[in-house]
Amino acid sequence: MAPPSADLDSTVTDDAPDAYRDLMDRYARVSHLESGSGVLYWDQQVTMPTGGTAARGKQLAALSATTHEKLTSDEMADALDAAEDADLDDERAANVREIRRRHERNRSVPESLVEELTEHRSHSQQVWKEAKADDDFGHFAPALETLRDLQVERAEAIAPDRPAYEVMYEDGEPYLPLERLEEIFEELKAGLVPLIEEIEASDADLASPFVAAGPYDEGTQRGLSEAVLDLLNYPDDRGRLDVSAHPFTSGNQFDARITTRFKPEDPMDAFTATVHEFGHASYELGLPDGRFGEPIGASLSSGVHESQSRFWENHVARTEPFWEGFVDEANDHLGTDATAREAYEAVNQIYPDNLIRVEADELTYHLHIILRCEIDRAVVEGDLSIEEVPRVWNEKMDDYLGVVPDTDAEGCLQDIHWSSRFAAFQGYTIGSVLAAQLDHAMREDLGDVDALIREGDLEPLWEWMTEHVHSHGRRYPTDELVEEATGEPLTAEYFLDYVERKFGDLYDL
């Protein structure tokens, strides 16, 4: 079954002003070069032999330099000026706005710095893999320090009078002010910390039906992942499932690939990771085909992207109605005899002593994020040296979650993100907050969403997201998109209400 489509044609038509068509032709080359770089990145993480890192770094650096030159050229500036003087409708004006923003943001960054930063990211990712495998933060520290320095240099070139961290943050969240994010973090801490404490004090004993039957081989778990992807209507002709050190999604509306990873003792880890990555892919696949290469044919921000993955993972695959419809399939693959309620409890247990973010439960997950953001910012702003990261990480894990990792591989080396950029973790929490708000609006529109989930009729959910989120691409800034989709500004209220109801029931609070 094909993914839902917004069925929107290109805005670059014969009746468009000549200046607009010239601008969009120039920008399409930039966009297609970036898509090509994405395929090389996917290959590096999934299929490339480890010895290929040096060459891949050079390849990606050359592509990034060429992309940067085309985006920031005088010819692009002239084309932007001409297009802005033309008579444009709202969608074409949005394309011009987005191209102008990218052009202005990058034109003061030296091409040599772009090339150096891209090559170093490729190198850093391989060093991170080696350091994590060997539990050796010292091996990764020099690469991390160089990456920090290069990113600060880039931020200072973009906006020398503004804090570097804020400039970096805007790479992923161009339209949600950092101050608003900080307000959301404070609201979540105020609501989540006491809820987690109540759960820890609860006598409720949730079921764990999948633990005792293990270990599960990779083939068994892959079969379960493929089964849920079939249920979710993930299309074979526009996607694929692979394995990587850290699950991720790469692609566009024609080719959205996902990866997962398998833990022998816990099949639900790969299962939820697969659904999470499908959520990212659903966004890419829901973008309008006809606008490939245009800004309004691309995803908006890391937070909006994460809202899609968190929606499908938490508001679909972690619900009791989902397991009422899917538990027999899971039992067939895993050789278990779990009930729907037992499976529901298994995927929603709260583990404050869990060390790993991507394995964290729905509540303590955000303490993992806040911890990373605090360290992230302190490193960028020079308040924390690279060498001190493991110590401070462990101290914050103890403060926030009451647990200290025995190794750096389970601690500050667990995430791949610091091998490519700083100020990147906020999107996960923004996504969870927005996912709950979108879920509420969807239920207002569609009615009995639980019945659709129980029956495995998930296409209406994807269609709703495509209509209200995916189809807009970058037409609206984040605050306007949220209001278009839900009728009100971004708020943490729905997320906090949702988790209080859900976990209050599960833990008899």
Original post:
Are the aromatic ring centres of Tyr400 and His366 under 6.0 angstrom apart?
Top reply: no
**OP:** Would you confirm whether Asp242, through its side chain, and Thr259, through its main-chain N or O, come within 3.5 Å as a donor-acceptor pair?
**Re:** no
Original post:
Have Arg92 and Thr13 got a donor and an acceptor in their side chains that come within less than 3.5 Å?
Top reply: yes
Original post:
Does any donor atom in the side chain of Glu277 or Thr249 lie under 3.5 Å from an acceptor atom in the other side chain?
Top reply: yes
Original post:
If only atom types and distance count, is the side chain of Ser31 paired as donor or acceptor with the main-chain N or O of Ala28 below 3.5 Å?
Top reply: no
**OP:** Please identify each residue that fulfils salt bridge (Lys or Arg N to Asp or Glu O under 4.0 Å) with Glu444, with sequence neighbours left out.
**Re:** none
**OP:** For this output row, return yes or no: ring centroids of Phe254 and Phe292 closer than 6.0 angstrom.
**Re:** yes
**OP:** Please say whether the positively charged group of Arg56, taken as NZ for Lys or CZ for Arg, lies over the ring of Tyr41, i.e. under 6.0 angstrom from the six-membered ring centre and within 45 degrees of the axis.
**Re:** no
Subject >> Ser432 (side chain) donor-acceptor with Tyr428 (main chain) under 3.5 angstrom >> reply: yes
Subject >> Aromatic plane relationship, Trp464 with His468 - under 30° parallel, 30 to 60° tilted, over 60° perpendicular >> reply: parallel
Original post:
So, does Glu173 use its side chain to make a donor-acceptor pair with the main chain of Gly303 at under 3.5 Å?
Top reply: yes
Original post:
Between Phe137 and Phe140, how do the two ring planes meet: parallel, tilted or perpendicular, split at 30° and 60°?
Top reply: perpendicular
Original post:
Any side-chain donor-acceptor pair under 3.5 Å between Ser112 and Glu115?
Top reply: no
Original post:
Does the side chain of Gln126 pick up a donor-acceptor pair with the side chain of Gln44 at under 3.5 Å?
Top reply: no
Original post:
Where do Ser124 and Ser419 come nearest, in terms of heavy atoms and distance?
Top reply: CB-O, 3.3 Å
**OP:** For the residue pair Gln437 and Thr486, confirm or rule out a side-chain donor-acceptor distance under 3.5 Å.
**Re:** yes
Subject >> Any side-chain donor near an acceptor of the partner, Tyr498 and Asn314, under 3.5 Å >> reply: no
Original post:
Is Arg310 close enough and on-axis enough to Tyr365, meaning under 6.0 Å and within 45°, for cation-pi?
Top reply: yes
Original post:
Which pair of heavy atoms, one from Ala79 and one from Asp22, lies closest together, and at what distance?
Top reply: CB-OD2, 3.7 Å
